[in-house]
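What follows is a single structure, written as structure tokens, with notes after it.
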Amino acid sequence: MSEQRIVRTRFAPSPTGALHIGGVRTALFNWLYARHAGGKFILRIEDTDQLRSTDESTRGILDSMSWLGLNWDEGPLFQTERAGIYRDAVRKLIDEGKAYRCACPPEELERKRKKALAERRKPKYDGTCRHRNIGPNPNTVVRFRCPDRGTTAFEDLVKGRISFENDELDDLVIERSDGFPTYNFAVVVDDALMGITHVIRGDDHVNNTPRQILLYKALGHDVPAFGHVPMILGSDKARLSKRHGATSVTAYRDMGYLPEALVNYLVRLGWSHGDQEIFSLDDLIRLFTLEAVGKSAAVFNPDKLLWLNQHYIKGAAPDRLARELAPFLEDLGITNPDPDFLARVAADLQTRSKTLVEMAESARFYFNEIRDYDLQLAEKYFDSTGAIYIQSVREALPGLGEYKKEGIENLLRKIAEENGTKLKNVVQPIRVALTGKTVSPGIDEVMVTLGKEGVMRRLDNALEFIRSG
RNA sequence: GGUCCCAUCGUCUAGUGGUUAGGACGCUGGCCUCUCACGCCGGAAACCGGAGUUCAACUCUCCGUGGGACUACCA
């Protein structure tokens, strides 16, 4: 009896661009599956496409994974460093008669394919070189000899039983003429050698699975379990791509999304746990199973992601928000703010910001005193009564005992009452005087955060502006 | 064309033969209120179609229809 093996999953992106929304979700599912089972999560970089692979992409992918908290136990391993391993595996198959060299010119194969298509036949390699016993030669590829008969089936962890007739499969190329393995071969060799027990990937790979199973068997390896998760679509139900807007993890980070929002959103795309919508990483590790992953493709919904981001911003600790917010403020020219002050600003803004970018934008007035008021606003709020209210507040402030929210609000109410007007009529001129805008956090919050001195200075600025204007 | 996969509100989904078909985003009416938000209460909104099986189908089977993936010396 073979012992129950420890679960080993992997994520194997190719470094040909930024880490994609679809890619991370696959990574997340693999990571969760491993963590849930107390197994290992391995990172492998599939960089055999020499032309399109870049170190920069690799760094970006690693960064994005770390930012999301998806740590890996082994790797990153690079396929380009494993060329000898694939070559040996190919040789072994040739020696055993399970693979053969093929010298068919690409143009001819292309011609045959087109002809087959035109005649409504399946375009399948015709086996010309199967028995020609061609030796090593620069212009040859190696093909895997696929069985003509029989059925290859597997029990998919999310979709259930899937089976293919072997005669639908053709003799796929496993080694290109440049000596590098093809994708289908390299994955099998790598997954087998790395002891991957559960291959969790996008369902665009289901059609690859039977030939890969055949390769596992030909190579004499155990066949892992497969779980094909549905893909993520754009709003037009087409595969998610750049034209649907932001699709990379870094793009969302730069737009001011919190990693937990992205993780929470992505996991709910295809997976669910009853009516629950909010999940921490710990919740997910505890609850995640592949059985609860749906079978159908999901449309990416930016609005729901935005809602989740807002939710997490709302609940975040102010000092943490302050740290996250700092780089976005820096983009606006606000550098090295006092951490405590910034935390108070973040606290004021956290129920009214959907992203950190939005929060930074709303936070500007806290750092820049207003000199030139908007003339339209000034005309409306700095009229004779507005000026009186500002003046009244300014004069009352020094005598205010406790400079706290309650005291401030009471003061404003008292002034409104004394002038026989509504609170809002006092508040709005003050708001414009302090923030330069008609929209801001609660006026008492703003005044507390700005501090008594700051508020008095700003009110003086406003009064000065009124006098000179 | 062939093969494979999929199908509940606009979107993400719960449902596992008998439910007023539930939740969430968005939309929308109201409450709260110093603006904007937050929060709270309410509303509109779905079982792709047709045959079966069954006392009873959203749920099981088959056939349509629609969508998607693959069909490379790309991964």
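None of the values given here were measured: they were computed from a predicted structure. Below, chains carry the letters A, B, ... as their sequence lines are ordered, and counting in each starts from 1. Values below: every heavy atom of this structure, side chains too, minus hydrogens, waters and symmetry copies.
A:Asn264 and A:Tyr312 are linked by a side-chain donor-acceptor pair at a separation below 3.5 angstrom, with hydrogens and angles left out of the test. Side chains of A:Asn309 and A:Tyr252: a donor-acceptor N/O pair is absent below 3.5 angstrom, by distance only.
Neither OP1 nor OP2 of B:rA37 sits under 4.0 Å from any side-chain N or O of A:Lys354. Not one side-chain nitrogen or oxygen of A:Arg52 sits closer than 4.0 Å to the OP1 or OP2 atom of B:rC74. Residue A:Arg176 places at least one side-chain N or O under 4.0 Å from the OP1 or OP2 atom of B:rC74. Within the 4.0 Å cut-off from OP1 or OP2 of B:rA75, at least one side-chain nitrogen or oxygen of A:Thr48 is found. Distances shown here put a side-chain N or O of A:Lys237 below 4.0 Å from the OP1 or OP2 atom of B:rU11. Put simply, A:Gln276 has no side-chain N or O that comes within less than 4.0 Å of OP1 or OP2 on B:rA24. Remark: A:Arg268 is not in phosphate contact with B:rA24, judged by side-chain N or O atoms under 4.0 Å from OP1 or OP2.
Heavy atoms of A:Asn208 sit under 4.0 angstrom from at least one base atom. A:Ser235 comes within contact range of no nucleotide atom at all, as no heavy-atom separation falls under 4.0 Å. Among the heavy atoms of the strands lying under 4.0 Å from A:Lys314 are primed sugar atoms or P, OP1, OP2 only; no base atom is included. Using a 4.0 Å heavy-atom cutoff across all strands shown, A:His205 reaches at least one base atom of the nucleic acid. The residue A:Asn301 sits close to a base: some heavy atom pair falls under 4.0 Å. Base engagement by A:Asp444 is indicated by at least one non-hydrogen atom pair under 4.0 Å involving a base atom. If you check every strand for non-hydrogen atoms under 4.0 Å, A:Gln310 touches sugar and phosphate atoms only.
To the nearest angstrom, C1' of B:rC27 lies 16 Å from CH2 of A:Trp307. Here B:rG10 presents its P atom at 17 Å from CG of A:Leu233, a figure rounded to the nearest Å. The OH-C1' distance, from A:Tyr183 to B:rA72, rounds to 14 Å in whole Å. Between the CD1 atom of A:Ile174 and the C1' atom of B:rA72 there is a distance of 16 Å, given to the nearest Å.
Between A:Ala298 and A:Asp203, the residue anchored nearer the 5' end of RNA chain B, judged by the nucleotide with its closest heavy atom, is A:Ala298. Heavy-atom distances to RNA chain B give each of A:Glu409 and A:Arg161 a nearest nucleotide, and the one nearer the 5′ end belongs to A:Arg161.
Separation of the A:Tyr265 and A:Phe300 ring centroids falls under the 6.0 Å cut-off.
Across B:rU28 and B:rA45, the matching C1' atoms stand 11 Å from one another, rounded to whole Å. Using atom C1' as the reference point in both B:rG23 and B:rG15, the two lie 12 Å apart (nearest Å).
The shortest side-chain heavy-atom distance between A:Lys98 and A:Arg145 does not fall under the 4.5 Å cut-off.
The distance from the CZ atom of A:Phe279 to the CG atom of A:Leu308 is 10.5 Å, given to the nearest 0.5 Å. With rounding to the nearest 0.5 Å, the separation of CG in A:Asp348 from CG in A:Asp444 is 9.0 Å.
Checking B:rC73, B:rC4, B:rA69 against every side-chain atom of A:Pro106, the shortest atom distance belongs to B:rC73. Candidate nucleotides B:rC38, B:rA75, B:rU35 were compared by shortest atom distance to the side chain of A:Thr182, and B:rA75 ranks first.
Side-chain to base pairing of A:Ser177 with B:rC73: one donor and one acceptor N or O lie within less than 3.5 Å of each other. Between the base of B:rC36 and the side chain of A:Arg352 there is a donor-acceptor pair shorter than 3.5 Å.
B:rC4 takes the anti form, because its glycosidic angle lies more than 90° either side of 0.
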